[in-house]
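What you see is a predicted model, and the numbers here were worked out from it, not measured in a lab. The first residue of the sequence shown is numbered 1, and numbering continues consecutively from there.
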Amino acid sequence: MAKKKIKKNTDQRPFVMAYHDFLKSGLLDHYQIVIYIYLKMFADSNNQCYPSAKKLSKLTKIGITKVKNTIKELEEKYLITKEYRKRPDGGDTSNLYTIHDYKELWKASNNEEIATVINEIEEQQMIKTLIAKGYYISKEKGLETEPTKAQYQAPQKNKNNNLVSKQNTTSQIESQDLERYTLDQIHELFDYDIMVLDYPLQQNDIDSVMSILYTAMNTTKSTIKISGENRPAMAVIGKLMKLHKESIMYAIKQFSEQTERIKNPTAYMLTILYNAPEQFNLDIQNRVSHDMGLR
């Protein structure tokens, strides 16, 4: 008698992790809990996702206006970070959301405590990244090298929308013992020497970007403003550390192509740099798709 093959039945299906400390924290109202969980449903291994507000509204049965307002409330609580995205042709596309979900976070009682927790965790993640790059870290003094005196010159925009340095001694900022990164270290992190060799005519622009990165990455504030919204400083710094020379030059190009007058070029450039890694990758994907379509 032939043996019958027994098919193993399983009820395992895709699921979302909703931790008990999250559900019991009391930080969120009903709508915020629902939207947060649905964002987690879409999230990848990096806790990032980009569902549209329309998609979330359809799935949650919550009106689209309420969905958008709830997302804004989650941002204000620092529980998610929203990044505006554009297609290579300049049109809008769905936002990119980064979800923060740490056990220490759900013990917080207010927004300020949440921001502090996220900053501390993001700082530890950055330290691991720097150690992997070969740096030795000292908590008291920052990177274990002799600090240099770096000067920050707020960039302005000339008639061709190129970044230029403003000669103003009042904008000079001397580095201190507590600076996280010296200007030399920032140059090394972002391949400054290679960029200057490859793009000698844009050295002034590159120098201005290095100054912007130096100032942002050494901020003593708990938040940094991106696209007009305050975000946890360490989360922003961690994102800036993902930049590479190609995405930096891409950001400079994006800035120079802006035809409208820019009231605050430093803040505008910082926002472009913050979004540059994803925008650069999207642009590359679009070019590849376009080229394949022409074959």
Side-chain angles (χ1 to χ4, degrees), residues 16-29 31-51 69-85 95-132 135 137 139-140 142-143 178-181 189 213 215-243 267 270-271 273-278:
V16 179
M17 296 288 284
Y19 296 103
H20 289 187
D21 51 4
F22 155 69
L23 295 173
K24 295 177 179 179
S25 70
L27 287 173
L28 307 180
D29 64 23
Y31 291 104
Q32 293 165 357
I33 289 173
V34 172
I35 296 300
Y36 186 87
I37 289 176
Y38 270 86
L39 286 174
K40 290 197 69 175
M41 183 184 76
F42 285 101
D44 59 19
S45 59
N46 294 318
N47 280 329
Q48 292 185 320
C49 59
Y50 42 90
N69 289 338
T70 302
I71 287 174
K72 184 176 181 180
E73 292 164 0
L74 291 172
E75 283 185 87
E76 292 171 349
K77 291 178 180 288
Y78 303 114
L79 296 175
I80 65 172
T81 302
K82 182 176 71 175
E83 299 171 30
Y84 295 102
R85 301 192 305 158
N95 298 314
L96 177 69
Y97 302 102
T98 300
I99 304 165
H100 303 295
D101 187 3
Y102 311 113
K103 63 180 181 181
E104 298 86 353
L105 186 154
W106 303 112
K107 298 175 184 177
S109 59
N110 54 55
N111 293 1
E112 184 176 349
E113 289 183 12
I114 292 173
T116 300
V117 169
I118 294 174
N119 277 337
E120 290 175 352
I121 292 174
E122 295 286 350
E123 183 176 19
Q124 291 302 314
Q125 292 174 348
M126 281 195 306
I127 289 173
K128 290 180 181 178
T129 299
L130 288 169
I131 290 175
Y135 287 98
I137 309 299
K139 181 65 176 178
E140 291 76 20
L143 293 177
L178 295 179
E179 71 178 347
R180 296 187 188 93
Y181 312 97
L189 282 171
L213 290 171
T215 301
M217 294 173 69
N218 283 297
T219 183
T220 58
K221 297 179 180 179
S222 61
T223 61
I224 296 176
K225 187 167 288 188
I226 299 292
S227 297
E229 299 177 359
N230 288 323
R231 303 174 189 271
M234 289 303 165
V236 173
I237 295 171
K239 183 74 179 297
L240 293 175
M241 287 183 66
K242 296 179 182 178
L243 288 164
L270 183 59
T271 295
L273 289 166
Y274 180 84
N275 294 317
E278 289 78 17

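Using a 4.5 Å heavy-atom threshold, the side chains of Y36 and K77 count as separate. H100 has its side chain out of reach of L79: every pair of non-hydrogen atoms, C-beta onward, lies at least 4.5 Å apart. Side-chain contact between I80 and I35 is absent, with no heavy-atom pair separated by less than 4.5 Å. L105 is not listed as a side-chain neighbour of I121, based on a closest heavy-atom distance of 4.5 Å or more. When side chains are defined from C-beta on, L189 does not count as touching L243, because their heavy atoms never get closer than 4.5 Å. Taking 4.5 Å as the limit, every side-chain heavy atom of V117 sits out of range of all side-chain heavy atoms of E113.
The two residues I37 and V16 come nearest to each other via the heavy atoms O-CG1, 3.9 Å. Residue L23 comes nearest to A18 through the heavy atom pair CD1-O, 4.0 Å, listed as atom of the first residue, atom of the second, then distance.
Heavy-atom neighbours of Y50 OH from other residues, nucleotides or ligands within 6.0 Å: at or below the threshold of 12.
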For a quick test of your reading: what N or O donor-acceptor pairs under 3.5 Å do the side chains of residues 38-46 make, sequence neighbours left out?
from	atom 1	to	atom 2	distance (Å)
K40	NZ	M17	O	2.9
K40	NZ	D101	OD2	2.6
D44	OD1	N46	N	2.9
D44	OD1	N47	N	3.2
D44	OD1	Q48	N	3.0

Kindly list each side-chain donor-acceptor pair under 3.5 angstrom involving residues 222-232, sequence neighbours excluded, with atom names and distances?
from	atom 1	to	atom 2	distance (Å)
E229	OE2	Y84	OH	3.4
R231	NH1	K82	O	2.5
R231	NH2	K82	O	2.5

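The CD1 atom of I71 sits 3.5 Å away from atom OH of Y97, with the distance rounded to the nearest 0.5 Å. For the atom pair K72 NZ and E75 CD, the distance stands at 8.5 Å (nearest 0.5 Å). We find the CG-CG distance between N69 and L74 to be 11.0 Å, quoted to the nearest 0.5 Å. With values rounded to the nearest 0.5 angstrom, I237 atom CD1 is found 10.5 Å from L213 atom CG. Rounded to the nearest 0.5 angstrom, C49 SG and L96 CG are separated by 7.5 Å. Once rounded to the nearest 0.5 Å, the distance linking CD of E112 with OH of Y78 reads 9.0 Å.
Taking E120 as the reference, T116 meet the side-chain contact (heavy atoms from CB on, under 4.5 Å) condition, with sequence neighbours excluded.
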